[in-house]
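Each chain gets a letter, A, B and so on, in the order its sequence line appears, and its residues count up from 1.
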Amino acid sequence: MIVLVTLLSMAMTIGAYSLSKVVGKRYPSPFTTPVFFSTAFIIILLMTFGLTFEDYTLAKEIMTFLLGPATVALAVPLYKNRQIIKKHSGPALVGIVLGTMSTIIGAILLIKLFSLSNEILASISVKSVTVPVAVEISNIIGGDPALTAAFVVATGILGTMLGPSLMNIAKIDHPLSRGLALGTISHGQGTAQAATEGELQGAVAGVAMGLAAIFTSIAAPILVPFFI
Amino acid sequence: MKKFVIIILQLCLLWFLNELGYFLVEALNLPLPGNVLGMVILFGLLMTGVVSLKWVEEASSFLIKHLAFFFIPIAVGLMNFGPLFFQNGIFLVIVIIGSAAVGIYVTGLVSQVLAEKKEGASDDRSRDTA
């Protein structure tokens, strides 16, 4: 039974992803970005069949096996574009640090505005860094690991859906800046989106994701206690 | 067929570097994810010429092209947070979108303004910003 469900889950995921590619090409919109479209599609299907996320877990483990190696692979575009990235290392670093600070503080202030709990505050403050690091930092500052992981994933989806349009509105068109913004705010998913815009964008997004993780792990434990 | 074998071999190398990254992060207690350290290691190996671009290029471009795919199974996990979402989901979505927008604008605008200033100063390459 588990084998059947897992095979079905994998077929469903690959099918949804392929479909999102076709639909996204024909009707480009935030709702047809691969992760949002496919995830919504799969959740609806699972619920229709009366399945839970636990039934899907084995398929998830198998399919995400290559996520680590895929992140390592980002060194290739980074290497190919090293001259241009080196040239802009100053602006890039300032952008990543200020962007990380502003998204942490922005999230904290909005949580305060809606007077949500301190546990949510701590969990959501680290939403812009990749899951393994976010969970670690969240533990230190009093957040909940599962909640943190959910906020990180939601930030990846929403930032990737809306980021490109937001940047178009503000005329942020420098490939370096587009990659940096997506990687800093929406970690791996943002990097995946940036990579579809171009090789340079993908490369800097990968770097931004890493640096944002390091910087957040230093900044969040200092900043967050002031607001709790 | 030959291309397939090459991609598999290259994947093995990337997988090994990923494992090495996780091992070092654990051993040295570093504040970054193992896969990102793996990326740094591969970059170092490419820079020093220990690893040639040809050894990893095919598999890398394949994985990066489909990077978004790997986040789909993880995102499906959000279905476990249905109750929380129905309780105060709209506030949480506003917080996430609002803070992400602030971060995207600050990162994007700051780096763009600084980069253009530098480009203007270092050479006369004019970029169409319209």
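The pair B/Glu57-A/Lys80 counts as a salt bridge, with a side-chain nitrogen and a carboxylate oxygen less than 4.0 angstrom apart.
With chain B as partner, the option from A/Ala213, A/Gly210, A/Ser186, A/Ala150 having the largest number of non-hydrogen pairs under 4.5 angstrom is A/Ala150. Comparing A/Arg82, A/Glu199, A/Met209 by heavy-atom pairs within less than 4.5 Å of chain B, the highest count is held by A/Arg82. With chain A as partner, the option from B/Ala101, B/Gly98, B/Ala75, B/Gly21 having the largest number of non-hydrogen pairs under 4.5 angstrom is B/Ala75. Looking only at heavy-atom pairs under 4.5 Å with chain A, the residue among B/Leu114, B/Leu13, B/Val25 that has the most is B/Leu114. If you tally non-hydrogen atom pairs under 4.5 Å between each of A/Gly106, A/Gly99, A/Pro69 and chain B, the highest count goes to A/Pro69. Among B/Leu42, B/Leu45, B/Val95, B/Leu53, the residue making the largest number of heavy-atom pairs under 4.5 Å with chain A is B/Val95. With chain A as the partner, the residue from B/Val106, B/Val76, B/Val102 showing the most heavy-atom pairs under 4.5 Å is B/Val76. For the options B/Leu37, B/Val110, B/Ile41, B/Leu30, heavy-atom pairs under 4.5 Å to chain A are most numerous at B/Val110. When the candidates B/Leu92, B/Val36, B/Ile74, B/Ile96 are compared by the number of heavy-atom contacts under 4.5 Å with chain A, B/Ile96 comes out ahead.
A/Lys127 places no side-chain N or O within 3.5 Å of a backbone atom of B/Ser99 that could act as its donor or acceptor partner. The closest donor-acceptor contact from the side chain of A/Arg178 to the backbone of A/Met167 lies at 3.5 Å or more, if one exists at all. Side-chain atoms of A/Thr64 come within 3.5 Å of backbone atoms of A/Lys60 as a donor-acceptor pair (strictly under, hydrogens ignored).
Residues A/Thr13 and A/Tyr56 bring a donor and an acceptor atom of their side chains to less than 3.5 Å of each other. For the residue pair A/Ser165 and A/Asn168, no side-chain donor N or O sits within less than 3.5 Å of a side-chain acceptor on the partner.
The parts of B/Phe91 that come within reach of chain A are both its backbone and its side chain, each placing non-hydrogen atoms under 4.5 angstrom from that chain. With a 4.5 angstrom heavy-atom cutoff, A/Glu136 does not touch chain B via any of its atoms.
Within the 4.5 Å cutoff, side-chain heavy atoms of A/Tyr17 are placed close to those of A/Pro34.
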